[in-house]
Amino acid sequence: RKKLHEYAEGQHQVSKDQLVLQPEVAAPASNAKVGGLPNLATPVALQSWQQVKLVGLDSVGEMLRVNTLALDSEAVKLFRVPGIVSTGEGMLQRMALRHLCSKVVRFVGSVVAGRYDYLRLVETLSKLGKTRAAGGARKEHFEALKQGLDVTLCEVLGDAYTKEVQHAWMTAYSFNAAIMIEGMRTAQGTQAATGTSMSKESGLDGKDAALQQFSPLGA
């Protein structure tokens, strides 16, 4: 419980400091583009976001957790947090996962509504993507989360989850996921390069040791 409380406080501080989402800002004009992403904030899409918020982000986050892990239990690797989330099993881990999944819904919903700071959103998602590499996340886990979100929204919105609304949410999710995947791949490339460099250095050290062993100056 103590770890979960500390984790929740830390997440609150991150959100407070970054101020990525800006619900007070009006959505752009219907034909506007932000950072190459077409505006998704049609009247029905905006209404769907309001409906999701009325149900409650925590409740929708729990549904997303259940649906995603039912599709692929390995998708928990997207949310691994040292000391908090590993397998997704147990009450405390499920609570933490629900909290993280509710954040996914909030980020995607804010893009659907056009209420976000593009540059800060990209920066934040890139950083998050880099941290996912260490947890063993893979591209297919993002796809499982997308499918889980699709199922969840269908359950939450019912008949209001039309093709137009589905397109808006899935486009927004794909936009967010693409940034995170790129960040993850960047981190994986850096890790691979570092590993190769360390391996070479280790090989040189071994060679030097061998030469010293057979040197007349060796001990």
Side-chain angles (χ1 to χ4, degrees), residues 8-65 67-68 78-79 97-132 142-143 145-184:
E9 285 186 343
Q11 289 294 307
H12 174 71
Q13 188 60 43
V14 168
S15 300
K16 188 176 180 181
D17 290 344
Q18 290 171 334
L19 296 177
V20 174
L21 308 177
Q22 297 182 329
E24 73 280 1
V25 179
S30 60
N31 61 347
K33 288 189 177 182
V34 182
L37 180 70
N39 175 45
L40 304 170
T42 62
V44 289
L46 285 169
Q47 185 177 5
S48 72
W49 175 223
Q50 293 302 321
Q51 286 181 256
V52 167
K53 289 192 292 184
L54 282 174
V55 172
L57 294 183
D58 279 346
S59 297
V60 179
E62 175 62 12
M63 295 171 68
L64 178 58
R65 179 191 72 81
N67 288 328
T68 300
L78 286 172
F79 302 101
L97 275 175
R98 179 182 65 191
H99 175 70
L100 292 169
C101 285
S102 71
K103 281 184 171 292
V104 171
V105 177
R106 183 167 181 256
F107 270 71
V108 178
S110 295
V111 173
V112 168
R115 302 177 187 277
Y116 61 96
D117 182 316
Y118 175 77
L119 294 178
R120 289 193 176 186
L121 181 65
V122 170
E123 180 183 0
T124 299
L125 292 176
S126 295
K127 289 179 179 178
L128 286 173
K130 290 176 181 177
T131 64
R132 296 309 86 205
F142 286 92
E143 183 59 31
L145 182 59
K146 180 179 181 178
Q147 293 176 22
L149 180 63
D150 192 27
V151 172
T152 299
L153 290 169
C154 187
E155 293 173 349
V156 171
L157 299 173
D159 293 339
Y161 194 49
T162 62
K163 290 292 184 183
E164 180 181 346
V165 172
Q166 181 187 41
H167 171 73
W169 280 86
M170 295 300 102
T171 299
Y173 174 85
S174 296
F175 168 73
N176 287 1
I179 297 170
M180 290 187 68
I181 290 170
E182 183 61 29
M184 183 178 71

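For this chain, numbers begin at 1 and follow the sequence in order.
- When all heavy atoms of V165 and A160 are compared, the closest pair comes out as CG2-O, 3.6 Å.
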For residues 56-65, tabulate all N or O donor-acceptor pairs below 3.5 Å that involve a side-chain atom, not counting sequence neighbours.
| residue | atom | partner | partner atom | Å |
| --- | --- | --- | --- | --- |
| E62 | OE1 | R65 | NE | 3.1 |
| E62 | OE2 | R65 | NE | 3.4 |
| E62 | OE2 | R65 | NH2 | 2.8 |

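- For the pair L128/L125, a side-chain contact is recorded, criterion being any heavy-atom separation below 4.5 Å from C-beta on.
- No side-chain donor-acceptor contact under 3.5 Å links T124 to the backbone of L121.
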Extract all donor-acceptor atom pairs below 3.5 Å that involve side chains of residues 171-181 and protein atoms in other chains or at least two apart in sequence.
| residue | atom | partner | partner atom | Å |
| --- | --- | --- | --- | --- |
| T171 | OG1 | H167 | O | 2.6 |
| Y173 | OH | F142 | O | 2.5 |
| S174 | OG | K146 | NZ | 3.1 |
| S174 | OG | M170 | O | 2.9 |

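- To the nearest 0.5 Å, atoms CD (E123) and CG (D117) are separated by 9.5 Å.
- With sequence neighbours excluded, the residues forming a side chain to side chain donor-acceptor pair (under 3.5 Å) with Q166 are D150, listed by chain and number.
- For E182, there are no salt bridge (charged side-chain N to carboxylate O under 4.0 Å, His left out) partners at least two apart in sequence or on another chain.
- Atoms NZ and OG, on K53 and S48 in that order, are 10.5 Å from each other to the nearest 0.5 Å.
- The two residues C154 and Y161 make their nearest non-hydrogen contact at CA-CD2, 3.6 Å.
- Remark: T42 engages E164 in a side chain to side chain donor-acceptor pair (under 3.5 Å) (not counting sequence neighbours).
- Taking the side chain to side chain donor-acceptor pair (under 3.5 Å) definition, one finds that T68 meets it with nothing, sequence neighbours left out.
- Scanning all heavy atoms of the two residues, the minimum distance from F79 to C101 falls at CZ-SG, 4.0 Å.
- Separation of atoms CG (L145) and OG1 (T152) is listed at 9.0 Å; rounding is to 0.5 Å.
- Scanning for side chain to side chain donor-acceptor pair (under 3.5 Å) contacts around Q50 gives an empty result, with sequence neighbours left out.
- Residues G114 and A41 approach most closely at N-CB, 4.4 Å, considering heavy atoms.
- Atom CD of Q47 has 12 or fewer neighbouring heavy atoms from other residues, nucleotides or ligands inside a 6.0 Å radius.
- Considering CG of L153 and CH2 of W49, their distance stands at 10.0 Å, rounded to 0.5 Å.
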